Amino acid sequence: MKYTFPGVFAFLLFLTTVFACQSEEEIKRQRYITEGILVYKNNCANCHQPKGEGLAALYPPLAKSDYLGDKNSVICLIRYGQKGPIVVNGKTYNHPMPAQPQLSDLEVAELVTYIYNEWGNEKKVTSVTDVTPILKECKK
Ligand code: HEC
């Protein structure tokens, strides 16, 4: 079989498009994570600790936390805080977490991307367009 010029050209164009899209997504992921680290350091690390390991019986861990299984709850909890007992990895915590109304939707998305990529076994962006509709539905 002979390769036609337009055929080869179309194939190369296809490859370039696929790779360009992938790396654009990857650049976005890296950007969200970089920002997420800063937002985490400034707003969360005091309690949950820099490596997400939590602090004794007071502050639950984020690293390998089974609570991360319900991402919608995590998104709402970050903005609106949390009161009453919760169970994380089989251990009960009962200490209020303050709401974080100072965080924009974008900052919440950056935090969630960072937390899930660092501690939740994800390799993808949770973008601001994912987070905004969820934040609107939170029970306050
Ligand atoms: C003043 C301390 C404090 C700060 C600051 C704080 N948290 Fe929390 N966080 C808590 C406590 C306490 C709980 C458990 C709440 C309960 O017992 O009902 C909690 C629970 C959580 C949970 C669910 C349980 C788990 O460990 O998976 C997540 C997720 C979470 N926090 C993320 C964050 C993020 C992200 C930030 C930064 C925006 C943050 N927290 C800031 C104290 C804090």
Side-chain angles (χ1 to χ4, degrees):
M1 197 184 111
K2 238 179 124 202
Y3 297 108
T4 57
F5 175 72
V8 172
F9 182 74
F11 182 65
L12 288 179
L13 194 68
F14 167 74
L15 280 186
T16 327
T17 317
V18 168
F19 282 110
C21 287
Q22 271 186 352
S23 60
E24 226 170 80
E25 191 61 20
E26 180 55 19
I27 289 166
K28 184 174 173 185
R29 192 178 75 95
Q30 294 299 344
R31 202 181 64 222
Y32 265 63
I33 290 175
T34 310
E35 293 296 323
I37 292 172
L38 286 178
V39 182
Y40 182 80
K41 279 197 181 130
N42 292 333
N43 299 276
C44 323
N46 266 352
C47 294
H48 293 284
Q49 304 300 299
K51 294 199 169 75
E53 69 271 35
L55 191 68
L58 271 185
Y59 305 127
L62 303 183
K64 302 196 181 78
S65 155
D66 59 6
Y67 195 91
L68 298 186
D70 184 354
K71 199 189 270 186
N72 288 20
S73 296
V74 170
I75 289 168
C76 289
L77 171 153
I78 292 174
R79 169 73 53 82
Y80 295 105
Q82 149 76 30
K83 267 202 245 32
I86 62 170
V87 180
V88 181
N89 298 343
K91 216 170 130 183
T92 302
Y93 295 83
N94 191 0
H95 204 74
M97 167 167 156
Q100 313 285 324
Q102 78 282 8
L103 299 178
S104 67
D105 289 13
L106 177 61
E107 286 171 320
V108 172
E110 288 164 346
L111 263 177
V112 169
T113 300
Y114 168 58
I115 289 169
Y116 278 80
N117 280 266
E118 184 75 11
W119 298 310
N121 289 328
E122 267 189 7
K123 198 170 184 278
K124 64 173 196 208
V125 176
T126 301
S127 78
V128 65
T129 50
D130 299 324
V131 157
T132 297
I134 296 168
L135 285 171
K136 286 209 177 94
E137 295 293 312
C138 294
K139 291 188 214 85
K140 290 161 216 172

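The analysis underlying the following values was restricted to heavy atoms, covering all of them including side chains, and did not include hydrogens, waters or symmetry mates. Bear in mind the structure is a predicted one, so any value in this text is a computation, not a measurement. As the structure lists them, so they are numbered: ligands from 1, and atoms in each ligand from 1.
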Problem set entry | Contacting atoms of ligand 1, where contact means under 4.0 angstrom from a heavy atom of L62 | 25 (C), 26 (O), 27 (O), 28 (C), 29 (C), 30 (C), 32 (C)
Seminar exercise, completed: Numbered in order shown, the ligand 1 atoms found under 4.0 Å of a heavy atom of I115 are 35 (C)
For this session: Measure across L135 and Y80 and return the closest heavy-atom pair with its distance rounded to 0.1 Å.
Result: O-OH, 4.0 Å
Exercise. So which protein heavy atom does atom 15 (C) of ligand 1 come closest to, and at what separation?
Worked result: H95 O, 3.1 Å
For this session: Decide, counting backbone as well as side-chain atoms, whether M97 has an N, O or S atom less than 2.8 Å from atom 8 (Fe) of ligand 1.
Result: yes
For this session: Consider every N or O of L103 and every N or O of ligand 1, then say whether any pair is closer than 3.5 Å.
Result: no
For this session: Examine Q100 against ligand 1 and note whether any of their N/O atoms are separated by less than 3.5 Å.
Result: no
Seminar exercise, completed: L58 heavy atoms within 4.0 Å reach ligand 1 at atoms 12 (C)
Seminar exercise, completed: If we number the atoms of ligand 1 from 1 as shown, the ones under 4.0 Å from a heavy atom of L111 are 38 (C)
Problem set entry | From H95 atom NE2 to I86 atom CD1, the distance as rounded to the nearest 0.5 Å | 12.0 Å
Exercise. Can you find a side-chain donor-acceptor pair between N43 and E107 that sits under 3.5 Å?
Worked result: no
Exercise. Could you walk me through whether K28 and S127 pass the side-chain contact (heavy atoms from CB on, under 4.5 Å) check?
Worked result: CA-CA 9 Å; K28 184 174 173 185; S127 78; 3.6 Å; yes
Seminar exercise, completed: Ranked by distance from atom 8 (Fe) of ligand 1, the top protein heavy atom is H48 NE2, 2.0 Å
Seminar exercise, completed: In ligand 1, the atoms that come under 4.0 Å of a heavy atom of N94 are 17 (O)
Problem set entry | Min N/O separation K83 to ligand 1 under 3.5 Å | no
Exercise. Counting each atom of ligand 1 from 1 as listed, which ones have a heavy atom of Q82 under 4.0 Å away?
Worked result: 15 (C), 16 (C), 18 (O)
Exercise. Backbone or side chain, does C47 get an N/O/S atom under 2.8 Å to atom 8 (Fe) of ligand 1?
Worked result: no
Exercise. Between P60, S73, C44, which one has a non-hydrogen atom sitting closest to atom 13 (C) of ligand 1?
Worked result: P60
For this session: Can you sort out which atoms of ligand 1 are near G84, meaning under 4.0 Å from one of its heavy atoms?
Result: 16 (C), 17 (O), 18 (O)
Exercise. Between CD of E110 and CG of D105, what distance do you get to the nearest 0.5 Å?
Worked result: 11.0 Å
Problem set entry | P98: numbered ligand 1 atoms lying under 4.0 Å from its heavy atoms | 1 (C)
Exercise. What is the minimum heavy-atom distance between Y114 and I33, and which atoms define it?
Worked result: CD1-CG2, 4.0 Å
Exercise. Could you state the interatomic distance from CG (N94) to CG (L58), rounded to the nearest 0.5 Å?
Worked result: 11.0 Å
Exercise. Going by distance only, is there an N or O of Y67 that falls short of 3.5 Å from an N or O of ligand 1?
Worked result: no
Exercise. Partners of E26 by salt bridge (charged side-chain N to carboxylate O under 4.0 Å, His left out), sequence neighbours excluded?
Worked result: R29
Problem set entry | Interatomic distance, K64 atom NZ to E118 atom CD [nearest 0.5 angstrom] | 10.0 Å
Seminar exercise, completed: Partner of Y32 under side chain to side chain contact (heavy atoms under 4.5 Å, CB included), picked from T126, V125, I27, is V125
Problem set entry | Atom pair CD1 (I134) and CD1 (I75), whose distance is rounded to the nearest 0.5 Å | 4.0 Å
Exercise. By ring-ring contact (aromatic ring centres under 6.0 Å, His included), which residues pair with Y67, not counting sequence neighbours?
Worked result: none
Problem set entry | Test of proximity, L77 against ligand 1: N or O pairs below 3.5 Å | no
Exercise. Is the closest N or O pair between Y40 and ligand 1 shorter than 3.5 Å?
Worked result: no
